[in-house]
Amino acid sequence: MSATHRMLPLLALLFAPCAGRAAEAPELLITNARIHTQDAAHRLVAALAVHGNAIVATGSDAEIRALAGAKTRIIDLGGRMVLPGLIDAHTHPAESAQDLDKCNLQDRERSAADMKAAIADCMKAHPPARKAWFEVVQVNASALILSRADLDAMRSDGPLVLESADGHSSWGNSAALAAAHIDRTSHDPLGGRIDRNAQGEPTGALRDAAQEKLMAALPKPSVAAQAERLERAFALMSATGLTSVQDAAVGEEEMSLYKHLYDRHRLRMRVRGSFHLTDLAAPADEVTAAARAFRDKWAVDPSFLRADAVKIFADGVIEYPTQTAALLSPYLDGAGHPTTNVGPSYFKQDNLNRIVAAMDAAGLTVHVHAIGDRAVRQALDAFAYARAQGVGSDNRDQIAHLELVDPADFPRFKALGVIANFQLQWAWFDTDYIEKATLPYLGPARSRYLYPARSLLDAGARIAGGSDWGVSTFNAFEAMEHALTRSLGRGEKPLLPEQSVPLAVMVDAYTTNAAYALRQEKTTGSLEPGKRADFIVLDRDIFATDPFELHATRVLATYLDGREVYRDPAAKF
């Protein structure tokens, strides 16, 4: 029996919406292509057929062309590569899109004087009204120490806010701190720190949750204006092949922006939100009730907009001088001597255990930010507690970032069914963040386990890929290059090259494994009959590309639900 005959029962079911009607032909055929289906067998086929928003068949050119009807559109790709639509399992589109029009320092290391000059250029190009707020984003926080005098010198006639590229630090000048009611009497919030001088006065630097009062004081643009920026951001994402995202920390504001686009039929991205749990000291039943209510309120469309995950920040970041990541042993000082600083504790372990178990019991995926090895272990301990209660073994729980992991914890990911949600765009020998601000403060022994992707893969962990945009680019092909080369480019020093992983692993990380992490593997992540027609056309075969050239991969077209949502103007097909 031919492959075409084997497909006929399925095709009849998909093409005939009611008995007695003639089977409808596919509306679109993709032919003469190298289609990586990413199915369980990782089959490579030449063609696929789309009807409505679904793939109805895959196979050879002859088999698929035989399905064409009089109105079927046939696209000959001339041998080009096709992948399932890429899925970013950890990103922040609604929040990061709002930075598109702000003064952007491009995450470059700068002195206070250089920063002052760059901000002056921004204000010259876009002069703020006197006493109006002025925001500066993508500030490189590595080794950056600013005094209140430095900040006031950057702007004296109104509030100035600087926001770090990593999202874990902000700075405000005197006018901004006064507007946010932050002074020497202000207390450090749970999960945050206000940096102070020797006299106890705030220096202007705010770490983690301490940023919230400053951010709340900023004036908010209209929902329409914010949604317009988000729509622009999604168009840029579509151009890199993304068709689904998991927003890693949402509240009412972020979900309202997504809903604004959805209601106007302008949401051209599948979105899963992770409800940000901000009070890890509250009783587990209260936190869970709030998360369940949030999930129910934002169950807009199971295929396009939902919020059935929760986000927990277990710590901050490792880099000096922030050092809010939770470590098993103390940070070293700049001379390599141990200190007493092991990083903060943002929760009590027993309460975290109860919260995680309650979320798992409610069917909510738990998504944990953990940078330091202690934070990773504490998250795994909470998942172990939940499993001992009999909940969450197939709940797609995940730990994101994983900058430093103790080897004793490698096998626990597989044993507990916890997904390793990596941002491997960061896995290169960065002079600012790694060489200057991390390695001296960890020492050589611990530094052998930075972004340990290969170790976790070898231990059986499922790896999903994410960007953490706007911390770094959402271009998955750049992250794939760094995952393979562990380097910024040819001839550059690599970061722990023994932790490199194969390209096939990274393609899985952005397709099948990311779909699994988002609990949508039944509809996306692979190109199989019955699944949604989310796919992308590439300008090259990435499996035949020099790993150092993966970043140059261009997406020629992106299809979402069978509709073209992006086309490269130079594409010839």
Side-chain angles (χ1 to χ4, degrees), residues 34-40 42 44 81-93 234 236-248 269-272 367 396 398 400-402 419-427 451 453-454 456-457 461-469 471-485 500-521 523-528 531-543 545 547 550-560 565-566:
R34 293 180 56 81
I35 300 172
H36 291 256
T37 64
Q38 290 296 105
D39 66 4
H42 282 72
L44 185 66
M81 183 175 179
V82 173
L83 282 176
L86 302 181
I87 301 170
D88 191 325
H90 185 106
T91 184
H92 302 276
F234 277 153
L236 296 171
M237 289 181 169
S238 296
T240 67
L242 290 173
T243 53
S244 295
V245 296
Q246 179 166 241
D247 190 320
M269 189 73 63
R270 304 188 195 280
V271 178
R272 185 208 203 181
H367 186 139
R396 322 305 166 83
Q398 50 207 266
H401 308 322
L402 302 166
I419 297 165
N421 190 324
F422 269 115
Q423 287 63 59
L424 292 173
Q425 166 69 17
W426 306 340
Y451 304 114
R454 186 59 188 238
L456 281 171
L457 178 68
R462 186 192 297 262
I463 294 176
S467 67
D468 205 22
W469 186 71
V471 176
S472 57
T473 177
F474 47 67
N475 188 323
F477 298 104
E478 292 188 30
M480 292 179 191
E481 177 174 323
H482 289 185
L484 269 67
T485 68
S500 169
V501 294
L503 180 57
V505 169
M506 291 308 297
V507 174
D508 286 349
Y510 281 95
T511 56
T512 52
N513 288 354
Y516 181 86
L518 271 64
R519 300 185 87 145
Q520 60 183 54
E521 77 280 3
T523 55
T524 69
S526 62
L527 302 177
E528 302 177 73
K531 288 194 173 185
R532 295 298 183 92
D534 294 2
F535 59 92
I536 61 177
V537 182
L538 304 183
D539 72 334
R540 69 194 67 198
D541 182 346
I542 60 173
F543 289 103
T545 296
L550 282 168
H551 70 275
T553 301
R554 283 173 38 236
V555 173
L556 300 180
T558 300
Y559 287 80
L560 175 70
V565 293
Y566 169 75

*Does the side chain of Asp539 come within less than 4.5 Å of Thr553's, by heavy atoms?*
yes
_Donor-acceptor pair, side chain of Asn421 and main chain of Ala89, under 3.5 angstrom_ = yes
*Just how far is it from atom CG of Leu560 to atom OH of Tyr566, taken to the nearest 0.5 Å?*
15.5 Å
*Which atom pair, heavy atoms only, marks the closest approach of Ile536 to Gly85?*
CG2-CA, 4.1 Å
*Measure the spacing between CG of Leu503 and CE of Met480 and express it to the nearest 0.5 Å.*
6.5 Å
*Can you name the closest pair of heavy atoms from Thr558 and Ser238 and give their distance?*
OG1-O, 2.7 Å
*Counting N and O atoms only, with roles assigned by atom type, does the side chain of Thr240 sit under 3.5 Å from a partner on the main chain of Met237, one being a donor and the other an acceptor?*
yes
*Looking at side-chain heavy atoms only, is the closest gap between Phe234 and Val245 below 4.5 Å?*
yes
*asked:* Can you tell me how far apart OG (Ser467) and CH2 (Trp426) are? Round to the nearest 0.5 Å.
replied: 8.5 Å
*From Arg462, Arg396, Lys531, residue fulfilling salt bridge (charged side-chain N to carboxylate O under 4.0 Å, His left out) relative to Glu521*: Arg396
*Given side chains that start at C-beta, do those of Asp508 and Ile463 come closer than 4.5 Å, heavy atoms only?*
no
*Measure the CE-CG distance between Met506 and Leu457 for me, rounded to the nearest 0.5 Å.*
10.5 Å
*Side chains of Gln520 and Ser244: is there a donor and an acceptor less than 3.5 Å apart?*
yes
*asked:* Can you give me the closest heavy-atom contact between Ser526 and Thr512, atom names plus distance?
replied: CB-CG2, 4.4 Å
*Heavy atoms, side chains only, cut-off 4.5 Å: are His92 and Asp247 in contact?*
yes
*Looking only at heavy atoms, what is the nearest atom pair of Gln38 and Gly525, with distance?*
CB-O, 3.7 Å
_Any heavy-atom pair between the side chains of Ile87 and Leu242 that's under 4.5 Å?_
no
_Heavy-atom side-chain proximity of Val507 to Phe543 below 4.5 angstrom_ = yes
*Would you mind reporting whether Phe422 and Val501 have side-chain heavy atoms less than 4.5 Å apart?*
no
*Parallel under 30°, tilted from 30 to 60°, perpendicular over 60°: which one fits the rings of His367 and His90?*
tilted
*Side-chain touch Tyr516/Ile419, heavy atoms, less than 4.5 angstrom*: yes
*State, to 0.1 Å, how close His36 and Leu83 come at their nearest heavy-atom pair, and which atoms those are.*
CB-CD2, 3.7 Å
_Chi angles and distances behind the side-chain contact (heavy atoms from CB on, under 4.5 Å) call for Val555, Leu538_ = CA-CA 5 Å; Val555 173; Leu538 304 183; 3.9 Å; yes
*Only one of Asp534, Thr243, Thr524 passes side-chain hydrogen bond (donor to acceptor under 3.5 Å, both in side chains) with Arg270; say which it is.*
Asp534
_Spacing of Leu236 atom CG and Asn475 atom CG [to the nearest 0.5 Å]_ = 11.0 Å
*asked:* On a heavy-atom basis, which atom in Phe477 and which in Leu550 lie closest, and how many Å separate them?
replied: CB-O, 3.4 Å
*How many angstroms lie between atom OG1 of Thr511 and atom NE2 of His42, to the nearest 0.5 angstrom?*
6.5 Å
